[in-house]
Amino acid sequence: MTTEKTEKTEKTETVETYTNPVLNADWSDPDVVRVGDDFYLTASSFGRAPGLPLLHSRDLVNWTLVGHAVERLEPASEFRAPRHDCGVWAPSLRHHDDRFWIFWGDPDQGIFQVNAPGIRGPWTRPQLVKEGKGLIDPCPLWDDETGEAYLVHAWAKSRSGIKNRLTGHRMHPDGTSLLDEGKVIVDGDRIPGWFTLEGPKLYKHDGWFWIFAPAGSVETGWQGAFRSRGFFGPYEEKVVLEQKDTDVNGPHQGGWVRTPSGEDWFLHFQQRGAYGRVVHLQPMRWGADGWPVLGDDGAPVAVHPCPDLPPQPAAAPAADDDFPGGRFGRQWQWTANPQDGWATQHSGDGLRLACVRSVDAHDLRKLPNVLTQRLPGTPSVVEVELRLHGEEPGARAGLAVLGDAFSWIGLQRGADGAVHLVHRFAEAVAEKERDADHPRLAPEGRARLRIEIGAGARCRFFYDVGDGPHLSGQVFAATPWRWVGALLGLFALAPVGPGHAGAASFTQFRISPL
């Protein structure tokens, strides 16, 4: 995201503009709410922990990560091992009765809810509101005029055999349970040309119930709007945002928010392959026919004047980390629920990870103890210093690009006791990794690791073991999982065996423009 000043007249007056995407990384399925002068956003976090990221902004353009609403995924027994495409899907964020509320669907368990008095918590433990397979994308609405509460959700065909429809419920005003069995309020099969209707967001405006919902699938779809005088319908529909002649494929699924001055804006995602689902900001207005108009007459904008809000300094979710006292920043998530002892706090700087023993040491995709953050959406350089302390033969640690295929570079203790610089990869169809380049001695047991991420998420790996930087292996094209973009990862591990296998230290993690 960049913010620019453009000349408006021959005088000194200028107009601040922003450039999409405003969040150029995998902040999937965003939803947004305003409380006072502050805007808050959450997004899908799938099987990573902590989950439900919480972002804050004062201008809808510059965002910072302020925390997470879920420390561990539940039930814990289901998330001991990675479930990369499962877990927390498409949350809805609301503020009601002086509390923040987040509802989401776990496609294998049902609809969950957490709430808190403030965005930074404390958040309640996840509560199951409706149990069932394939219940996804829930959104609540508290009707201030009548005192009634409602909830709408979509369906995942992979679990339920149902798709392309939205089901509505009356909800207990305390948000803990649903009061009926539900009714299909929008059936996409009855709308010519519509398919994969999902991701509904529910609002009340100007005497109408509104549902903003995407259709057409993540890479090629569009944003729809539905309205009805009664919650249970009937609804009429209209396409309000689509690609048209822009390069923004599948622009859809997000949330509507109104500024204190009465401006309307819509935040949504765009699927970008290995980069995941990046977030765009669209202007929104209400047309003469009473329907919302998004973007430039229904087409996504690339550059646009900023919202009429007080100017803010440039900001973005953190990426760099010095790991003070061994603690890692909010931007990091484990690939499953964490266990005690994976990361050790200490008096200095640097991340110390235990070399966790695993029968899956040959495949990073199966490991819960990989500490990850999102792949940046622009060409970037990723660097970190690594030192391997583990004396166990086979103990290893490194820096990875992790997706359905993965590649990593790092250090490994050999059977002869020497430390080697190794670079390995696995294709999406491979069951284990293999060398991407020949191993080399790292005589001091340390290395500076570097990944250059170019256009199309094509990655080049480099190392420096004391004699200057060297290119390693072939170019690796990062790949996403089915729903999750590729991730950057730090890890330490060892093969199965008795006793402690040692540790590895990471310092000076940096991401900079390429």
Side-chain angles (χ1 to χ4, degrees), residues 29-42 60 90-103 137-154 166-171 173 175 183 185-186 191 197-215 222-242 251-268 280-298 300 307-309:
D29 312 315
D31 195 24
V32 62
V33 69
R34 177 177 67 87
V35 180
D37 294 327
D38 298 285
F39 300 91
Y40 301 102
L41 181 146
T42 191
L60 292 172
S92 292
L93 174 62
R94 294 292 181 265
H95 191 261
H96 166 72
D97 197 23
D98 295 325
R99 297 186 71 84
F100 288 91
W101 302 77
I102 302 178
F103 286 69
D137 309 349
C139 184
L141 172 69
W142 286 269
D143 190 336
D144 294 332
E145 296 177 5
T146 65
E148 294 187 315
Y150 304 95
L151 184 135
V152 63
H153 69 81
L166 306 179
T167 295
H169 295 264
R170 282 192 169 87
M171 183 176 71
K183 174 186 175 182
I185 57 176
V186 180
I191 307 173
L197 175 64
E198 57 187 356
K201 296 293 181 286
L202 181 60
Y203 308 94
K204 187 82 176 289
H205 171 67
D206 197 25
W208 294 86
F209 286 91
W210 289 90
I211 299 174
F212 284 53
W222 58 89
Q223 181 65 39
F226 299 82
R227 70 180 183 184
S228 173
R229 290 296 185 182
F231 171 70
F232 288 102
Y235 284 85
E236 50 186 325
E237 82 283 341
K238 185 175 182 179
V239 175
V240 293
L241 184 71
E242 54 188 327
H252 69 246
Q253 190 156 335
W256 160 40
V257 68
R258 176 166 285 178
T259 69
S261 65
E263 286 185 346
D264 293 306
W265 296 86
F266 186 76
L267 285 149
H268 68 92
H280 292 240
L281 176 66
Q282 301 298 335
M284 175 176 153
R285 60 182 173 84
W286 294 90
D289 59 359
W291 287 89
V293 180
L294 274 57
D296 181 8
D297 197 25
D308 182 20
L309 293 164

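Everything numeric here is computed off the predicted structure, so don't read it as measured data.
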- Task: Verify, without hydrogens or angle tests, whether Gln253 (side chain) and Gln223 (backbone) share a donor-acceptor contact under 3.5 angstrom.
- Result: no
- Where do Pro292 and Val240 come nearest, in terms of heavy atoms and distance? O-CG1, 3.4 Å
- Item | Where at least one partner belongs to residues 289-298, residue pairs that pass side chain to side chain donor-acceptor pair (under 3.5 Å), sequence neighbours excluded | Lys238-Asp289
- Nearest heavy-atom approach of Pro200 to Ala154 is CD-CB, 4.0 Å
- Item | Contacts of type ring pair (Phe, Tyr, Trp, His ring centres under 6.0 Å), residue Phe103, not counting sequence neighbours | none
- Message: Are the side chains of Ser92 and Lys201 in contact, using a 4.5 Å heavy-atom criterion?
- Response: yes
- Message: To check you understand the geometry: which heavy-atom pair defines the closest contact between Pro30 and Leu41, and what is its length?
- Response: CB-CD1, 4.0 Å
- Any residue meeting ring pair (Phe, Tyr, Trp, His ring centres under 6.0 Å) with Tyr203, in chain and number order, not counting sequence neighbours: Phe212, Trp256
- Task: Begin from the C-alpha positions of Val152 and Ile185 and carry the test side chain to side chain contact (heavy atoms under 4.5 Å, CB included) through to its verdict.
- Result: CA-CA 9 Å; Val152 63; Ile185 57 176; 3.9 Å; yes
- Task: State, yes or no, whether a side-chain contact exists between Phe100 and Val35 at a heavy-atom distance under 4.5 Å.
- Result: yes
- Quick check: does any side chain N or O of Trp142 sit under 3.5 Å from a backbone N or O of His96, one acting as donor and the other as acceptor? no
- What heavy-atom pair brings Ile102 and Pro91 nearest, and what distance separates the two atoms? CG2-CB, 3.7 Å
- Classify the ring geometry between His205 and Trp210 as parallel (under 30°), tilted (30 to 60°) or perpendicular (over 60°). tilted
- side chain to side chain contact (heavy atoms under 4.5 Å, CB included) partners of Arg34, counting only residues at least two apart: Phe39, Val257, Pro260
- Using a 4.5 Å cut-off on heavy atoms from C-beta on, say whether the side chain of Leu197 contacts that of Leu166. yes
- Output all residues satisfying salt bridge (charged side-chain N to carboxylate O under 4.0 Å, His left out) with Arg258, sequence neighbours left out; order by chain, then residue number. Asp264
- Query: Taking all non-hydrogen atoms of both residues, which atom of Phe232 and which atom of Gly168 are closest, and how far apart?
  - Reply: CE2-O, 3.6 Å
- How far apart are the C-alpha atoms of Leu60 and Leu267, what are their side-chain angles, what is the distance that settles it, and do they pass the side chain to side chain contact (heavy atoms under 4.5 Å, CB included) test? CA-CA 9 Å; Leu60 292 172; Leu267 285 149; 4.1 Å; yes
- Query: Taking C-beta and beyond as the side chain, do Leu202 and Pro140 meet within less than 4.5 Å on heavy atoms?
  - Reply: no
- Query: What are the two closest heavy atoms between Leu281 and Pro307, and how far apart are they?
  - Reply: CD2-CG, 4.1 Å
- Message: Checking Lys204 now: which residues fulfil salt bridge (charged side-chain N to carboxylate O under 4.0 Å, His left out) with it, not counting sequence neighbours?
- Response: Asp143, Glu145
- Message: With no hydrogens and no angle check, just 3.5 Å: does a side-chain donor-acceptor pair link His268 and Gln282?
- Response: yes
- Task: Please name all residues satisfying side chain to side chain contact (heavy atoms under 4.5 Å, CB included) with Pro283, sequence neighbours left out, ordered by chain then number.
- Result: Tyr18, Trp265, Val301, His304
- Query: Who are the salt bridge (charged side-chain N to carboxylate O under 4.0 Å, His left out) partners of Asp137, not counting sequence neighbours?
  - Reply: none
- Out of curiosity, Arg94 CZ to Leu141 CG, how far, rounded to the nearest 0.5 Å? 8.0 Å
- Query: If you measure from SG on Cys139 to CD1 on Ile211, what distance do you get to the nearest 0.5 Å?
  - Reply: 9.0 Å
- Residues which pass salt bridge (charged side-chain N to carboxylate O under 4.0 Å, His left out) with Asp38, listed by chain and number, not counting sequence neighbours: Arg58
- For His252, ring pair (Phe, Tyr, Trp, His ring centres under 6.0 Å) partners two or more places apart: Phe269
- Message: Taking side chain to side chain contact (heavy atoms under 4.5 Å, CB included) as the definition, give me every residue that meets it alongside Ser228, ordered by chain and number, with sequence neighbours left out.
- Response: Tyr235
- Is the side chain of Thr42 donor-acceptor paired with the backbone N or O of Leu93 at a distance under 3.5 Å, no angle test? no
- Task: Sort and list the pairs that fulfil salt bridge (Lys or Arg N to Asp or Glu O under 4.0 Å) and have at least one residue in residues 227-236, not counting sequence neighbours.
- Result: Arg227-Glu236
- Message: Between Phe209 and Tyr150, is the side chain to side chain contact (heavy atoms under 4.5 Å, CB included) condition met? List the steps.
- Response: CA-CA 11 Å; Phe209 286 91; Tyr150 304 95; 3.9 Å; yes
